[in-house]
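Report on the structure given below.
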Amino acid sequence: MFYGIHHKLPRGSSSAGPSGRRRGGGRVSPRRSDSRDRMVLSAAALLREHGASATSIDRVLAHSGAPRGSVYHHFPGGRAQLIDEAVALAGDFIAGLIDAATQAEDPLEAIDAFFALWRDRLVESDFRAGCPIVAVAVETNDDAPQLARSAAAVFNRWREGLAALLLRHGLTEERSRRLGTFIIASVEGAVIMSRAERSTAPIEAAAAEIHGLLLHALREATGTRPEPRP
């Protein structure tokens, strides 16, 4: 899950821009020129652990080490723009993984890996890291309704990516879209439950059931009998 972007970038290193591409390498001192990227990364990291309402400008500045004067220079739309760009960054990261998975020869292996990625992020963060897209989607954000639209667009992009994977392996377009929606809903719900229970049991259960469902759907679609998961 995105959820590794900030974890993989040490404080003071070159960071990824809104497209998710890393610029340069090695440790460097914090500079005004990279403060924008650091703030977006920090906002995404704070969203996944603390939620949208707790992701304030002050907290992002403290987390990123960016100068206060850079806030409205880089984000004239203020906090709403910053959070919107953090949502886009997180969405792009997972969408990239899904896009790569659409080329997989084994769709079951690709979906298993998708669940495993979320499970690993939960364990690595001691069950503190959730999904920044969910963090935005579940809050009303009456003062910034565009955030809900951005979250919806990210979910739709993920769903379409998964649907493309299933369509490529013989499922109908309608079934592929429904299953894409169900996979995203299952992952997100399981992540929330795993955080609450501080256990990987919910996400492992969801992964096993999705695996079985897809096994059956692919067998029906192709007339073959894929090997069940051990």
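Sequential numbering from 1 along the given sequence is applied to the chain's residues. Computed over heavy atoms, backbone and side chain alike; hydrogens, waters and symmetry mates excluded. Just so we're clear, the structure is a prediction, and the values are computed from it rather than from any experiment.
- Residues H74 and Q81 come closest through the heavy atom pair O-NE2, 3.8 Å.
- Environment of CZ in F127: crowded, with over 12 heavy atoms of neighbouring residues, nucleotides or ligands closer than 6.0 Å.
- Judged by distance alone, the side chain of S176 and the main-chain N or O of L167 form a donor-acceptor pair under 3.5 Å.
- A salt bridge does not link E173 to R177: none of the charged side-chain nitrogens sits closer than 4.0 Å to a carboxylate oxygen.
- E197 CD: more than 12 foreign heavy atoms inside a 6.0 Å radius.
- Considering only heavy atoms from C-beta on, R175 comes within 4.5 Å of E220 through its side chain.
- D99 approaches R157 most closely through the heavy-atom pair OD2-NH2, 4.3 Å.
- Here the side chains of M39 and S42 are not in contact, with every heavy-atom distance at 4.5 Å or above.
- Scanning both residues, L122 and S194, for their nearest heavy atoms gives CD1-CB, 3.7 Å.
- Between W158 and L97, every side-chain heavy-atom pair lies at or beyond the 4.5 Å cut-off.
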**Request:** Verify side-chain contact (heavy atoms from CB on, under 4.5 Å) between I98 and L162, making sure each step is shown before the conclusion.
**Result:** CA-CA 7 Å; I98 292 173; L162 291 171; 4.2 Å; yes
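- In terms of heavy-atom proximity, G78 sits nearest to Y72 at CA-CE2, 3.6 Å.
- Expressed to the nearest 0.5 Å, how far CG of D112 lies from CG of L117 amounts to 12.5 Å.
- Atom CZ of R119 sits about 7.0 Å away from atom OG1 of T200, to the nearest 0.5 Å.
- In this structure, R79 contributes its side chain and T55 its backbone to a donor-acceptor pair below 3.5 Å.
- Salt bridge present: E124 and R121 bring a charged side-chain N and a carboxylate O closer than 4.0 Å.
- Between S35 and S70, the closest heavy-atom pair is OG-CB, 3.7 Å.
- E139 places a side-chain N or O within 3.5 Å of a backbone atom of S53 that can act as its donor or acceptor partner.
- Summarising the geometry of L165 relative to I111, their closest heavy-atom pair is CD2-CD1, 3.8 Å, with the distance given to 0.1 Å.
- Between the side chain of R198 and the backbone N or O of D126, at least one donor-acceptor pair lies under 3.5 Å.
- Side-chain atoms of R195 come within 3.5 Å of backbone N or O of R128 as a donor-acceptor pair.
- Between F75 and E85 there is a side-chain heavy-atom pair separated by less than 4.5 Å.
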